[in-house]
Amino acid sequence: MELKLLHFYPDLMSLYGSYANVSILKRTLEAMGNTVAVEQVRPDEDADIADADFIYMGAGTERAQKAALADFARYGAAAKAAAENGTAMLFAGNSMELLGASITDYAGIGLADFTAVQGKKRFVEDVYGHTALFEDAVVGFVNRCSVLTGVKTPLLTDMELGCGNEGPCGPEGYHSGSVFTSQLTGPILVKNPALLRIMVQTIYKHRGESCPEVPVDNYMTQGWAITAEQLKARCRK
């Protein structure tokens, strides 16, 4: 297949190695025999969301986040239509908040109903949690200053370590159909091979194709296993 990945604001929203989520997805899809084009979209540039196979935005400072929101707002209707059409999407870090109803005093695009309120207190910590999508634990790192309320379908159903949407060790992120969001950075697809596999399967499903076995780098798997073991040990203390 010829696949198109849209990477929104690679310079503006680029903290914590966010670009690597797109890089590892592209590499995996190419290893499966696909031709993959990554289109980078910067503020004031135009992009056709309707023909994308994957839509991505990474993490940025709170100031960069507001600049991204000011531009991405014009894609609100198209993003909602793409979500309804089953287009795979990943919004990692605080770009997640753009999809909700509001971010403190700013209106979000309203793809989901949750709200985010940003405060002065920052939550900077490792994360060890679980999702209903697969058995493997989810690992990562958060650096956030927001509290999210109204998330009915979180990506992580519970956390043993780290700060969730509304506080310590609660549900985290948002997931509905082909839309995946999480404040976890690090980057999340590199740290969690099982989630990378789900993302690839979602892209194939959108294309109406049967997904073959998804190859995963042994170094990624070993890295996840070591991280998960160490964080699980901290949870026991």
Side-chain angles (χ1 to χ4, degrees), residues 13 15-18 20-21 55-62 65 68-69 83 88-104 108-119 121-199 202 223-224 227-236:
M13 303 293 281
L15 294 180
Y16 315 117
S18 293
N21 284 318
I55 299 169
Y56 176 75
M57 193 187 305
T61 65
E62 280 70 48
Q65 179 203 51
L69 176 59
M89 302 185 192
L90 174 63
F91 285 70
N94 61 357
S95 66
M96 165 187 175
E97 299 172 11
L98 275 63
L99 301 187
S102 63
I103 308 172
T104 311
I109 70 167
L111 189 150
D113 294 332
F114 61 79
T115 60
V117 176
Q118 296 177 338
K121 181 179 180 180
R122 299 202 71 86
F123 303 92
V124 184
E125 52 199 346
D126 293 315
V127 168
Y128 181 90
H130 307 277
T131 176
L133 296 174
F134 45 80
E135 293 184 0
D136 290 349
V138 179
V139 300
F141 177 81
V142 295
N143 183 347
R144 59 189 296 172
C145 67
S146 59
V147 174
L148 276 70
T149 56
V151 177
K152 298 177 182 178
T153 53
L155 179 61
L156 274 63
T157 53
D158 66 271
M159 296 168 62
E160 297 179 46
L161 182 71
C163 183
N165 292 331
E166 298 189 35
C169 295
E172 198 279 335
Y174 168 80
H175 169 237
S176 179
S178 61
V179 180
F180 301 80
T181 75
S182 174
Q183 294 271 24
L184 272 66
T185 57
I188 191 171
L189 293 187
V190 177
K191 283 183 169 288
N192 297 278
L195 184 58
L196 173 62
R197 182 174 64 251
I198 292 291
M199 203 62 57
T202 303
W224 168 84
T227 302
E229 180 182 4
Q230 294 298 317
L231 293 180
K232 189 174 182 179
R234 284 173 53 186
C235 295
R236 297 195 186 105

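The figures here come from the full heavy-atom set of this structure, side chains too, leaving out hydrogens, waters and symmetry mates.
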Can you confirm whether [X] sits close enough to [Y] that some side-chain heavy atom of one is under 4.5 Å from a side-chain heavy atom of the other?
X	Y	value
Met199	Leu189	yes
Phe180	Ile188	no
Leu184	Val142	yes
Arg234	Asp126	yes
Met96	Asn165	yes

To the nearest 0.5 Å, how far apart are [atom1] in [X] and [atom2] in [Y]?
X	Y	atom1	atom2	answer
Phe91	Asn21	CZ	CG	12.5 Å
Leu148	Gln118	CG	CD	9.0 Å
Met89	Ser178	CE	OG	5.5 Å
Leu90	Ile55	CG	CD1	11.0 Å
Met57	Leu98	CE	CG	5.0 Å

Please check if the side chain of [X] supplies one atom and the backbone of [Y] the other of a donor-acceptor pair under 3.5 Å.
X	Y	answer
Thr185	Tyr16	no
Trp224	Ala137	yes
Ser102	Thr115	no
Ser95	Gly58	yes

Give me the atom names and distance for the closest heavy-atom approach of [X] to [Y].
X	Y	value
Gly60	Leu15	C-CD1, 3.4 Å
Leu69	Gly108	CD1-CA, 4.2 Å
Ala83	Leu111	CB-CD1, 4.1 Å
Leu99	Phe114	C-CZ, 4.2 Å
Tyr128	Cys235	CD2-SG, 4.0 Å
Ser18	Ala59	OG-N, 3.1 Å

Practice item. Could you tell me which residues satisfy side-chain hydrogen bond (donor to acceptor under 3.5 Å, both in side chains) with Gln183, sequence neighbours excluded, listed by chain and number? Key: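 Partners of Gln183 by the side-chain hydrogen bond (donor to acceptor under 3.5 Å, both in side chains) criterion, ordered by chain and then number, come out as Glu97, Ser146.
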Check your understanding: So, Arg144 and Asn94: side-chain donor and acceptor under 3.5 Å apart, yes or no?
Key -> no
**Study point:** Thr149 versus Glu166, side-chain donor and acceptor atoms under 3.5 Å
**Key:**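 No, Thr149 and Glu166 have no side-chain donor paired with an acceptor closer than 3.5 Å.
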Please set out all donor-acceptor pairs under 3.5 angstrom arising from side-chain atoms of residues 152-163, sequence neighbours excluded.
from	atom 1	to	atom 2	distance (Å)
Thr153	OG1	His175	O	2.8
Thr157	OG1	His130	O	3.4
Glu160	OE2	His130	NE2	2.6

